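Computed from a predicted structure; not experimentally measured. First listed ligand is number 1; within each ligand, the first listed atom is number 1.
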Amino acid sequence: MDIPQITQKPTTITFIGAGNMARSLIVGLLQDKANVVLRVADPDLQQLDAIHKHWPDVLTTTDNLEAMQGADVVVLAVKPQIMCAVTETLAEAAQRSRPLFISIAAGIREAALNRWLGGNQAIVRCMPNTPALVQAGATGLYANPQASEKQRSVAESILRAVGITLWFDDEIKLDAVTAISGSGPAYFFLVMEAMQTAAEQLGIRAEDAHLLIMQTALGAAKLALESGDMPAELRHKVTSKGGTTEAALKVLTGGGLQDLFVQALQAAESRSRELAAANS
Ligand SMILES: NC(=O)C1=CN([C@@H]2O[C@H](COP(=O)(O)OP(=O)(O)OC[C@H]3O[C@@H](n4cnc5c(N)ncnc54)[C@H](OP(=O)(O)O)[C@@H]3O)[C@@H](O)[C@H]2O)C=CC1
Ligand SMILES: O=C(O)[C@@H]1CCC=N1
């Protein structure tokens, strides 16, 4: 990946929070061999030790301010519920050093982040997903007016190193992106789990079922991405009249699967808005 350099040196990226999503981004960036220096701050020493053991080049600390010192980019990767408390402690340093902030938190609006950070900060909000770990992520991005073209480009390059990126001019759209691709991997994992249980009940060995299901999921996604056909068309091509797929799909549609997905995505989007309202 070619991250446009803010300085002559490699871009220094500090992660505040070393949880599931931050680790996915860190590992994805390391695999991409990006020209970056990575630092991570988290209160959990065990978490930090595990990172340091696997990736000794990643600098780890329990001190957020120490990690932020001199950083070009600060990725805010804590839970939405503690974002206010965490960012307020960074405000003074942020006013001095003015890094680019990238928030990955669901819901939390740029205006709130900017206020907590003391105002007039360059902020890119983004909604990535955990397949970033294997460089197959999908990220929606939104930049505030204070973020320069170069900073937008740096943010995009970081997220593009771990998957595809899409910009949105309207920040509110990130609530829907959260419902679709941010939470999305979990919907597919649930389907995989359900198919696994069903396959074992049909007498297939667990490891055989796992392999068949994973390869089928991968093959379906690859075909949908690469064939040029829409999913409905691809589904028709699998479904022989009076055949096995038709029998299965009758059960799924009869059970209201499509409606359930509409309700599920609406629930996720609403929750993102609630998190914004509760933390504004
Ligand atoms: N998981 C996902 O798929 C996605 C998550 N996100 C967003 O990413 C953010 C993190 O989520 P996720 O990774 O799942 O959550 P995790 O709980 O796994 O990660 C949050 C991390 O922040 C640490 N932390 C707590 N307090 C502080 C502090 N004061 N300073 C620094 N670090 C702190 C936590 O430590 P401890 O555990 O010790 O409290 C934990 O390691 C959220 O805002 C979420 O909305 C966005 C897209 C997808
Ligand atoms: O569940 C959550 O709130 C976070 C945001 C998207 C995925 N995980």
Inset, instruction - Would you mind checking which non-hydrogen protein atom is closest to atom 4 (C) of ligand 2, with the distance to 0.1 Å? - result: Ala106 CB, 4.9 Å
Inset, instruction - Using a strict 4.0 Å threshold on nitrogen-to-oxygen distance, state whether Arg235 and Asp229 make a salt bridge. - result: no
Inset, instruction - Before giving the answer on salt bridge (charged side-chain N to carboxylate O under 4.0 Å, His left out), spell out for Glu92 and Arg96 the whole-Å C-alpha distance, their side-chain angles and the decisive distance to 0.1 Å. - result: CA-CA 7 Å; Glu92 214 179 294; Arg96 281 194 306 272; 3.8 Å; yes
Legend entry - atom 8 (N) of ligand 2: nearest protein contact (heavy atom, Å): Gly182 O, 4.6 Å
Could you go through ligand 1 and list every pair where one of its N or O atoms sits under 3.5 Å from a protein N or O, giving the atom names and the distance to one decimal?
| from | atom 1 | to | atom 2 | distance (Å) |
| --- | --- | --- | --- | --- |
| ligand 1 | 13 (O) | Asn20 | N | 3.1 |
| ligand 1 | 13 (O) | Met21 | N | 2.9 |
| ligand 1 | 15 (O) | Lys79 | NZ | 3.1 |
| ligand 1 | 18 (O) | Asn20 | N | 3.0 |
| ligand 1 | 18 (O) | Asn20 | ND2 | 3.2 |
| ligand 1 | 30 (N) | Asn64 | ND2 | 3.0 |
| ligand 1 | 35 (O) | Asp42 | OD1 | 3.4 |
| ligand 1 | 41 (O) | Asp42 | OD2 | 2.6 |
| ligand 1 | 41 (O) | Gln47 | NE2 | 3.0 |
| ligand 1 | 43 (O) | Val78 | O | 2.6 |
| ligand 1 | 45 (O) | Ala106 | N | 3.0 |

Inset, instruction - Would you mind telling me which of Thr139, Val75, Val78 makes a side chain to side chain contact (heavy atoms under 4.5 Å, CB included) with Ile104? - result: Val75
Inset, instruction - Answer yes if Ile108 and Val177 sit in the same cluster of Ile, Leu, Val, Met, Phe, Trp and Tyr residues linked by side chain heavy atoms under 4.5 Å apart, and no otherwise. - result: no
Inset, instruction - May I ask you to identify the nearest protein heavy atom to atom 1 (O) of ligand 2, giving residue, atom name and distance to one decimal place in Å? - result: Ser183 OG, 4.5 Å
Inset, instruction - Measure from atom 6 (C) of ligand 2 to the protein's non-hydrogen atoms and state whether any distance is below 4.0 Å. - result: yes
Legend entry - Nearest-0.5 Å distance that lies between atom NZ in Lys241 and atom NE2 in His236: 10.5 Å
Inset, instruction - Inspect the contact between Glu171 and Arg125 and indicate whether a charged nitrogen and a carboxylate oxygen are less than 4.0 angstrom apart. - result: yes
Legend entry - N/O donor-acceptor pair under 3.5 Å between Asp32 side chain and Gly28 backbone: no
Legend entry - Residues Glu156, Arg152: salt bridge by 4.0 Å N-O rule: no
